[in-house]
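The block underneath contains the structure these notes are about, expressed in C-alpha cells.
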Amino acid sequence: MSDLQVAPPRGMRDYLPDQLRPRLEVIERMRRIFELYGFQPLETPAMERLEVLSGKYGEEGDKLTFRVMKRGAELKRALKEVGKEGSGPDTLADLGLRFDLTVPLARVVARYGASLPRPFKRYQIGPAWRADRPQHGRYREFIQCDVDIVGTDSSLADAELIALTIDVLTDLELPPFEVRVNHRGLLTALSTACGNPPERFFDFCAALDKLDTTGREGVESEMRDRKLETAKLQELWELADMRTYIDNSSGLNQLVDYVSNFVEDAPGGKEFLGNLIQVLEFVDWLHTPSEMVMFDPALARGLDYYTGPVFEVVMRDRSMASIGGGGRYDELIGIFSGKPVPATGTSFGLERIVDLMVEHGSLVTKLKTATVQILAIEGGVDFVRFSGRILKFLHGKNISCELPYRIDSKLGKQIQTADKRGVQFVIIIGPDELREFGIKVLYEEFPIEAAKVTVKRLADGVQRQLTLDELVAWVKEPIPESPDSVG
RNA sequence: GUGAGUGUAGCUCAGCUGGUAGAGCACCAGGUUGUGGCCCUGGUGGUCGUGGGUUCAAGUCCCAUCACUCACCCCA
C-alpha cells in the first residue's frame, strides 16, 4: 500500500452497502410522505455561483461555504490580484458548493418564475456542504431533505409543514422528539421592546438562543459582550419560563397575553403574534399531536433569511442536535427576482436521523444481495451454458440471481461464501445435472423451466429437487426465521 | 476560529514504573472424494500516525506535525 491518504476528506464519509441500504430506505419513506402531501421533486446543481450563496446565511455562513477556484486564464489573472488591496477569499473563487437547498430553490423560482405552478410545492433530497468542524451528528457533507411551499403567505402552509415534519419523523419511529415554534417578527419586536436598535437584532437572537445551553447567566454575559440592552432581562426570563406545549390552553393563553403586553409598543408586534397563533391553531386542526408542539418565545434559529414563523425539531433527551427545522422566508426570493415572493419550508438532516435510528437500534442493517446464486461443482462450458439459461429465466421472473466466477473451490466453501453474502438460495449444478440436461439445453426449444435442479434454502438448510417453475414458487414463500437447525 | 482527549494487525483493543510487539474477531489452509452456519489444528498479517530529540536501549519519556473524536461557536 502506498502512503496516499485513503480516508475520505474530513467530515465526509464513504457509505458501504450495509450503511447505504438503511439510508436509502429512510429516503424512500420520507419521499413517500412528501408525495402524499402533494410535493414534487426538484434537483439543482451541487455548485452555485458564489454571488448566489454569499450573504444569505449570515457572517458565519459565508465563512463556512466551500469555495471552488476559478479556472484557466481567469485563475491566472486572479492570482495576480492576491495580496493587493480589496482582494479576499472570493478573489480566487467564482463558484461554491451549496450550503443548503433553500437558496438554490429561491434561485430556481426567480429564474423560472411564471412558468412554475403557484403555489409551487417541491421537495429536494440531496447533499449540502459546510466547512464546519465535524463532531457528533455534524458532517461537512450531509444530505438535506427539503420541503418548501412557494407563492403563498397563508399560515396554513406553515402549519402544514409543521404537520408534515411530525408525520415524517413519527413514521420513521424516531425516539421522542418535539417541535418548538416561534416567530421571527416576534423576536424583532421583542428585541425592540427591550430597547435594542434594529441593527442589533441578529446579536439579540444569538444571545437569546443560548438560553437552553448556557442558562440565564450565559445569556446575560453574552448580551453584555454584544453590548445589548439588559434593562428588561427580568421580564425576558419570565417570558422564557412561560414557554408551553400548545395542548395546555391555559398556559398558552397566559403566554400569549404576556407576549402581547411585552411587544405592545413595538411595530408589528401584535400582528406577528396573531400570525403565529393562527399557525398554531391550524397545526391543531391538521390533527397534529399538540403535545409535541411547543411555543417557545426564545427560539431564534440562525439563518438570516427567515422572516416569519420558525420552528425546530429537538430530541427530548438532547442526545442529538436539531434534526430538522424550518420557517418562512418571504424576502429571500425577492433578492434574486426583484419582486417579493412569499415562501416557507422545512428540512431534515438525513445523517442525524439515520444516526439516531442506528443508535437506538430501530434500523436493522441486514445483508442483502442476489436471492439466488448458482453454484458449480464442476467447471466447463456446459456449466455456463446450462446456468446461463437458468439465470435468464429467473431474471425474467424478477428474481435476482448471480453466477459464480470461481468454480474451482470446494462446494462447502462456495455455500459458506454465498451465505455470508446474504444469498438465500443456492442452485447446485454438478455432473449429475449436466449429464441429464447438459445436452438438452443446447436446443432452444427445450423448455428450461422443465429442467430439474438441486436447490438449497440456506436459512434452514432444506434441500429439494425442483423444476424452475417450482423453484420460483418456493423462492416467493416466506423465509423461515430461525437458522439454528443445521441441514 | 477556541479548548480537551485519542492515534499499536482489516476491526475492537491489551502492552505496569523504557529493554527491539500480543489477544479476540475477521481472513486463508486443513480435519479425505457433490454441501455452509458449531468445534479443533495450523497459517498470513504491524517499519506501534509521521518527523525529530533524550538514552547503551522507546510502542512506552520530551518536542513538533498530521489525522480522528468530543465540546464551544453555528447548525441538518
Side-chain angles (χ1 to χ4, degrees), chain A residues 1 3 5-13 16 57-65 98-102 125-146 165 169 202 205-207 209-210 213-214 218 222 225 300-304 306 310 312-315 320-326 345-356 373 375-378 407 409-435 454-463 482-487:
Chain A
M1 212 167 343
D3 290 339
Q5 177 73 305
V6 290
R10 159 183 295 211
M12 305 190 185
R13 300 192 287 179
L16 298 181
Y57 308 102
E59 216 177 298
E60 197 75 7
D62 284 345
K63 263 190 264 173
L64 299 181
T65 301
R98 64 187 178 206
F99 194 80
D100 69 2
L101 302 178
T102 307
I125 297 171
W129 293 267
R130 296 180 190 179
D132 236 335
R133 211 138 133 188
Q135 58 185 265
H136 186 57
R138 199 172 75 185
Y139 302 94
R140 290 184 145 192
E141 177 180 61
F142 59 99
I143 303 284
Q144 273 203 328
C145 313
D146 231 63
T165 297
L169 299 177
F202 289 123
C205 286
D209 202 41
K210 294 202 172 163
T213 44
T214 65
E222 190 77 26
D225 288 350
R301 286 187 64 72
L303 299 180
D304 273 14
Y306 289 120
V310 290
E312 186 163 85
V313 184
V314 298
M315 302 313 295
M320 180 71 80
S322 169
I323 54 170
T346 179
S347 75
F348 308 93
L350 183 71
E351 281 67 25
R352 289 182 181 178
I353 290 172
V354 171
D355 286 357
L356 269 174
Q373 189 172 70
L375 304 181
I377 285 157
E378 232 172 54
I407 46 186
S409 59
K410 296 169 68 175
L411 183 58
K413 191 77 215 157
Q414 290 188 62
I415 292 177
Q416 197 174 58
T417 307
D419 188 39
K420 276 183 197 147
R421 299 193 65 192
V423 169
Q424 295 173 316
F425 295 84
V426 292
I427 296 175
I428 299 165
I429 293 175
D432 299 347
E433 288 81 2
L434 288 176
R435 197 175 309 117
T454 305
V455 189
K456 186 183 181 81
R457 181 162 68 184
L458 295 182
D460 56 0
V462 171
Q463 187 165 314
S482 56
D484 33 39
S485 65
V486 177

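What you see below is based on every heavy atom in this structure, not just the backbone, and it leaves out hydrogens, waters and symmetry mates. A, B, ... follow the sequence lines: proteins, then strands. Residue 1 opens every chain. All figures in this text were calculated on a predicted structure; none of them were measured in a lab.
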Atom pairs under 3.5 Å: protein N/O with N/O of nucleotides 6-12 of chain B:
none

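- Each of A:L169, A:L350, A:V314 was checked for a side-chain contact (heavy atoms from CB on, under 4.5 Å) with A:I323, and the lone residue meeting it is A:L169.
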Return the polar atom pairs (N/O with N/O) between nucleotides 68-72 of chain B and the protein under 3.5 Å, or none.
from, atom 1, to, atom 2, distance (Å)
B:rC68, OP2, A:R10, NE, 3.0
B:rC68, OP2, A:R10, NH2, 2.9
B:rC70, OP1, A:H136, N, 3.4
B:rC70, OP2, A:H136, N, 3.2
B:rA71, OP2, A:Q135, OE1, 3.1
B:rA71, OP2, A:H136, N, 3.3

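- The residue A:E351 sits apart from the nucleic acid: no heavy atom pair falls under 4.0 Å.
- Nucleotides B:rG18 and B:rC56 have their P atoms positioned 15 Å apart, rounded to a whole Å.
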### Task
Apply side chain to side chain contact (heavy atoms under 4.5 Å, CB included) to A:K456 and A:L458, showing your working.
CA-CA 6 Å; A:K456 186 183 181 81; A:L458 295 182; 4.2 Å; yes
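- The strand RNA chain B forms stems, runs of 3 or more Watson-Crick or G-U wobble pairs with distances below 3.5 Å, at B:1-7 with B:66-72, B:10-13 with B:22-25, B:27-31 with B:39-43, B:49-53 with B:61-65.
- Looking at the side chain of A:I377, the nearest of the listed nucleotides B:rC74, B:rC27, B:rG34 is B:rG34.
- No donor-acceptor pair closer than 3.5 Å links the side chain of A:R98 to the backbone N or O of A:W129.
- As rounded to the nearest Å, B:rU6 and B:rU44 have P atoms that lie 34 Å from one another.
- A donor-acceptor contact shorter than 3.5 Å links the side chain of A:Q414 to the backbone of A:A376.
- Below the 3.5 angstrom threshold, one finds no donor paired with an acceptor across the side chain of A:Q414 and the base of B:rU35.
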### Task
Report the C-alpha distance between A:D355 and A:Y139 in whole Å, list the side-chain angles of each, state the deciding distance to 0.1 Å, and finish with yes or no for side chain to side chain contact (heavy atoms under 4.5 Å, CB included).
CA-CA 12 Å; A:D355 286 357; A:Y139 302 94; 2.7 Å; yes
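- Distance A:D132 CG to B:rA76 P: 11 Å, rounded to the nearest Å.
- Side-chain N/O atoms of A:E433 and base N/O atoms of B:rG34 include a donor-acceptor pair closer than 3.5 Å.
- Using P as the reference atom, B:rA14 and B:rG51 are 24 Å apart when rounded to the nearest Å.
- Between A:Q416 atom CD and B:rG37 atom C1' the separation is 7 Å, expressed in whole Å.
- The separation of B:rG22 from B:rG43, taken at their P atoms, amounts to 13 Å, rounded to a whole angstrom.
- Taking the P atoms as reference points, B:rU20 lies 14 Å from B:rA57, given to the whole Å.
- Within 4.0 Å of A:D100, counting heavy atoms only, lies no atom of the nucleic acid at all.
- Residue A:K413 is the one, among A:R457 and A:K413, whose nearest nucleotide of RNA chain B lies closer to the 5' end (criterion: closest heavy atom).
- Between A:K63 atom NZ and B:rG1 atom C1' there is a gap of 7 Å when expressed in whole angstrom units.
- Residues A:T102 and A:D100 approach most closely at N-OD1, 3.2 Å, considering heavy atoms.
- One finds no side-chain N or O of A:K410 lying less than 4.0 angstrom from the OP1 or OP2 phosphate oxygen of B:rG36.
- Here A:L64 contributes atom CG and A:E59 contributes atom CD; the two are 11.0 Å apart, rounded to the nearest 0.5 Å.
- Between the C1' atom of B:rU35 and the CD1 atom of A:I415 lies a distance of 4 Å, rounded to the nearest Å.
- Using modelled atom types, one side-chain atom of A:R130 and one backbone atom of A:F99 make a donor-acceptor pair closer than 3.5 Å.
- In this structure a side-chain-to-backbone donor-acceptor pair under 3.5 Å is missing from A:S347 to A:C145.
- Nucleotides B:rA21 and B:rC13 place their P atoms 23 Å apart, quoted to the nearest Å.
- In this entry the distance linking OH of A:Y57 with P of B:rA76 reads 10 Å, nearest Å.
- Along RNA chain B, the nucleotide nearest to A:E312 and the one nearest to A:L411 differ in position, and the one closer to the 5' end is contacted by A:L411.
- Spacing between atom CZ of A:R130 and atom C1' of B:rC74 amounts to 9 Å, rounded to whole angstrom units.
- With both ends at atom C1', the span from B:rC48 to B:rC61 equals 16 Å, rounded to whole Å.
- In this entry the distance linking CD1 of A:I428 with P of B:rG34 reads 12 Å, nearest Å.
- Of the inter-residue distances, the one linking A:M12 atom CE with A:R10 atom CZ reads 11.0 Å to the nearest 0.5 angstrom.
- Atom name P, nucleotides B:rG36 and B:rC70: the rounded distance is 44 Å, in whole Å.
- Going from atom CZ of A:F142 over to atom P of B:rC74 covers 16 Å, rounded to whole Å.
- Between the A:R352 side chain and the A:G137 main chain, a donor and an acceptor come within less than 3.5 Å of each other.
- Residue A:T346 holds its OG1 atom at 7.5 Å from CG of A:D146, rounded to the nearest 0.5 Å.
- Here A:D419 contributes atom CG and A:Q424 contributes atom CD; the two are 10.5 Å apart, rounded to the nearest 0.5 Å.
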